[in-house]
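Whatever order the structure lists ligands and atoms in, that order sets their numbers, starting from 1. Quick note: numbers below take in every heavy atom, side chains included, and nothing from hydrogens, waters or symmetry partners.
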Amino acid sequence: MALSGLERAQVWLSKAVTGVLLILLRFLSRGSPAETGKKLPPVRDPLLLVPATQLAKKIRRKEVSSVEVVQAYINRIQEVNPFLNAVVKDRFASALQEAAQVDKLIEEETGGEEVLEDRLPLLGVPLSVKESFSLQGMPLTTGVVSRRGVVASVDAPPVALLKRAGAIPLGVTNTSELCMWFEAHNHLYGLTRNPYDLGRIPGGSSGGEASILAAAGAVIGVGSDIGGSIRMPCFFNGIFGHKTTPGVVSSDSQYPPTSGRQGEYLSSGPMCRYAQDLLPLLRVMAGANASMLSLDTKVDLKKLRFFSIPHDGGCVWTNPVSRELLDVQRRVVQRLEADLGVKVQQVALPRLRYSFQIWDTYMSLPDKDGKPPLPFSELMGEPGRPAWPFWELLKWMLGRSNHTMAAISLGLLEATRWSKTSAFVVQQKEELQRELDQLLGPDGVLLYPSHPRVAPPHHHPLLRPFDFAYTGILNILGLPVTQCPLGLGPEGLPLGLQVVAGRLQDHLTLAVAVHLEKAFGGWRDPGAE
Ligand SMILES: *[C@@H]1O[C@H](CO)[C@@H](O)[C@H](O)[C@H]1NC(C)=O
Ligand SMILES: *[C@@H]1O[C@H](CO)[C@@H](O)[C@H](O)[C@H]1NC(C)=O
Ligand SMILES: CC(=O)N[C@H]1CO[C@H](CO)[C@@H](O)[C@@H]1O
């Protein structure tokens with residue numbers, strides 16, 4: 001179908017408006033110090049280079065104490081956080097006390113190492129948590145200024161499960177305002193930076209989480225993803241992240257709550273530096289629901305069917321995939337074919353062109369009782385007092401808004417929504433779902449770009465607001481995806497791609513991630529010379 005004139009006008013208008021806004025933003029932020037060129041100190045403590053599951057084993061065997069491990073991570077956070085602004089509230093003193101208790105428990109345990117491994121697989125291992133997850137006693141604001149002082153009174157289910165498995169939270173990390181943007185920036189905690197280039201974004205919404213993990217200030221973390229909020233930050237920061245099949249890991253006790261049909265598209269999952277930690281973390285985070293997945297099934301990669309789609313087929317809203325990302329995906333295809341003796345079939349699904357429209361449409365659908373989603377302006381405002389985006393825009397221009405430009409733009413977009421749900425878009429989604437479900441089946445794996453380009457400079461997402469459609473479409477299609485790092489590009493920025501499987505086949509993408517880590521080297525120290 002040809003693009004309607006109206007839609008074309010919408011695209012150009014939005015690009016023109018964001019262009020003007022970016023120039024304004026540069027003008028307004030001209031006083032902030034330039035961070036480009038400064039480099040993170042390299043990782044010196046070898047404890048920081050041990051996967052979480054191996055750390056847990058060393059702690060159980062008393063080769064290292066939990067206090068030593070927790071202290072090593074506290075030291076690293078204190079070393080790198082002034083550069084990154086990723087951890088926005090710590091609980092170092094409590095964490096050290098908990099670590100001391102762990103060491104005492106291990107000293108007193110008489111049942112042997114296996115008993116501890118079984119009951120407490122992450123005993124003594126430090127954890128970082130995205131601030132939008134309830135973590136008892138810690139702030140729960142998602143960067144909304146009017147929520148300053150809101151403190152979580154419970155633990156969100158996956159956080160509670162990780163703590164019950166023995167993990168020790170060290171703090172909470174920054175997000176985009178209301179978790180609805182791919183730059184971790186808000187007017188409560190400020191801007192988070194990318195450890196590979198401080199002048200670039202860490203992505204969002206789980207940007208603080210990815211930034212501190214990539215900087216080796218954390219080894220495992222927790223993220224949530226409704227349009228790419230785990231995968232984009234993991235891609236921009238060169239670490240692993242898994243968007244679980246929806247409905248497996250609970251999304252309760254997160255802020256903001258979902259409404260309309262959004263709960264069907266939101267997934268929580270692990271973020272980490274080492275691929276081998278993904279599956280054990282997911283097993284813990286899923287609790288009893290882990291039985292919905294085949295996490296104990298040994299995957300024979302040689303028996304899988306592999307597919308590769310190099311780009312979305314030319315969507316007018318998104319930018320073309322850069323040459324370096326097309327190249328790296330080609331190299332992944334070659335490596336899989338050489339290593340496994342499989343044939344990776346290149347396929348085209350032209351309906352991917354409608355990714356953005358599909359995401360946008362389904363995110364605003366009413367729930368099964370006909371109740372529409374909560375308006376974004378209501379979430380931006382104070383209880384009973386929705387924000388007025390036009391007014392916030394004026395205030396923003398005077399440097400006086402409590403909201404980021406990204407949130408104001410989303411509010412404006414909502415206020416000026418021109419079209420009703422289009423039957424055409426719904427039909428494209430249904431067809432695309434059928435095509436992909438058929439293609440993947442129970443043993444298919446798809447390679448797809450994570451984003452059209454590597455981490456852009458701060459604020460630039462405002463110029464390319466729709467590029468998240470590469471990740472967002474897979475939320476609406478309800479498929480599990482593992483984000484895999486693939487080394488650094490010519491500018492020293494992380495490359496990567498999404499590995500997708502059929503619904504509930506999470507074990508396949510996790511197994512491919514372990515293979516790609518071996519083939520491409522996985523995470524790299526951003527401070528290395
Ligand atoms: C920003 O938020 C604070 C706290 O909610 C409020 O007191 C202040 O008036 C707000 N500022 C503006 C410009 O809206
Ligand atoms: C298991 O899944 C159900 C349905 O998706 C959900 O309501 C429940 O909270 C999940 N349990 C856990 C432990 O995540
Ligand atoms: C750069 C920046 O604004 N950092 C802030 C992050 O949040 C903490 C906790 O509110 C503040 O103390 C920092 O100033």
Side-chain angles (χ1 to χ4, degrees), residues 29 31-33 35 77-78 80-91 131 133-134 138-151 154-165 171-175 177 184-193 198 202 207-208 211-212 222 224 244-254 257-258 263-270 281-293 377 380-404 407-408 411 458 478 503-504 506:
S29 58
S32 66
E35 295 285 348
I77 293 173
Q78 284 170 337
V80 297
N81 208 45
F83 292 87
L84 303 174
N85 191 37
V87 175
V88 292
K89 175 90 179 155
D90 71 64
R91 55 186 300 284
E131 201 257 24
F133 283 79
S134 293
M138 300 299 277
L140 180 66
T141 65
T142 52
V144 178
V145 172
S146 65
R147 285 179 63 82
R148 190 194 301 275
V150 176
V151 169
V154 296
D155 288 324
V159 173
L161 288 161
L162 286 163
K163 280 168 75 171
R164 207 177 303 157
V172 291
T173 58
N174 206 14
T175 65
E177 188 176 355
H185 175 217
N186 57 66
H187 289 179
L188 189 53
Y189 298 128
L191 183 78
T192 299
R193 300 177 186 279
L198 302 176
S211 171
I212 201 66
V222 185
S224 54
T244 315
T245 297
V248 174
V249 176
S250 164
S251 299
D252 292 348
S253 302
Q254 294 181 28
T258 54
E264 294 172 41
Y265 315 128
L266 177 65
S267 284
S268 298
L281 283 172
L282 177 56
R283 192 199 308 278
V284 170
M285 291 172 76
N289 286 350
S291 63
M292 295 163 72
L293 305 176
S377 57
M380 280 171 76
E382 288 165 45
R385 240 174 9 117
W388 193 32
F390 288 102
W391 180 231
E392 290 302 327
L393 179 62
L394 292 177
K395 287 205 292 193
W396 183 89
M397 286 178 183
L398 300 169
R400 309 198 65 95
S401 177
N402 276 336
H403 301 285
T404 51
I408 294 169
H458 290 294
R503 200 175 263 272
L504 298 172
D506 299 54

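Between the OG1 atom in Thr244 and the CG atom in Leu293 there is a gap of 7.5 Å [rounded to 0.5 Å]. Atom CD of Gln78 sits about 7.5 Å away from atom CG of Asp90, to the nearest 0.5 Å. A distance of 4.0 Å separates CD in Gln254 from OG in Ser268, rounded to the nearest 0.5 Å. Within the model, atoms CZ of Phe83 and OG of Ser211 stand 12.0 Å from one another, a figure rounded to the nearest 0.5 Å.
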Checking side-chain hydrogen bond (donor to acceptor under 3.5 Å, both in side chains) for the pair Glu177/His185: CA distance, chi angles, key distance, verdict?
CA-CA 7 Å; Glu177 188 176 355; His185 175 217; over 6 Å; no
Test side-chain hydrogen bond (donor to acceptor under 3.5 Å, both in side chains) applied to Thr404 and Asn186, step by step:
CA-CA 6 Å; Thr404 51; Asn186 57 66; over 6 Å; no
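At most 12 heavy atoms of other shown residues, nucleotides or ligands fall within 6.0 angstrom of atom NZ in Lys89.
Each of the atoms 1 (C), 2 (O), 3 (C), 8 (C), 10 (C), 11 (N), 12 (C), 14 (O) of ligand 1 lies under 4.0 Å from some heavy atom of Asn402. Shown in contact with Ser146 at under 4.0 Å from a heavy atom are these atoms of ligand 1, numbered in order with element: 5 (O).
A donor atom on one side chain and an acceptor atom on the other are not found under 3.5 Å apart for Ser134 and Asp155.
Counting heavy atoms closer than 4.0 Å to ligand 1, residue Lys395 contributes side-chain atoms (C-beta onward) but none from N, CA, C or O.
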List of N/O pairs, ligand 2 versus protein, all under 3.5 Å?
residue: ligand 2; atom: 2 (O); partner: Gly247; partner atom: O; Å: 3.3
residue: ligand 2; atom: 2 (O); partner: Asn289; partner atom: ND2; Å: 2.2
residue: ligand 2; atom: 5 (O); partner: Gly247; partner atom: O; Å: 2.7
residue: ligand 2; atom: 11 (N); partner: Asn289; partner atom: ND2; Å: 3.0
residue: ligand 2; atom: 14 (O); partner: Ser250; partner atom: N; Å: 3.2

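The backbone N or O of Asn85 sits less than 3.5 Å from a side-chain atom of Thr192, completing a donor-acceptor pair.
Ordered by chain and residue number, the residues placing a heavy atom less than 4.0 Å from ligand 3 are Asn85, Val88, Tyr189, Gly190.
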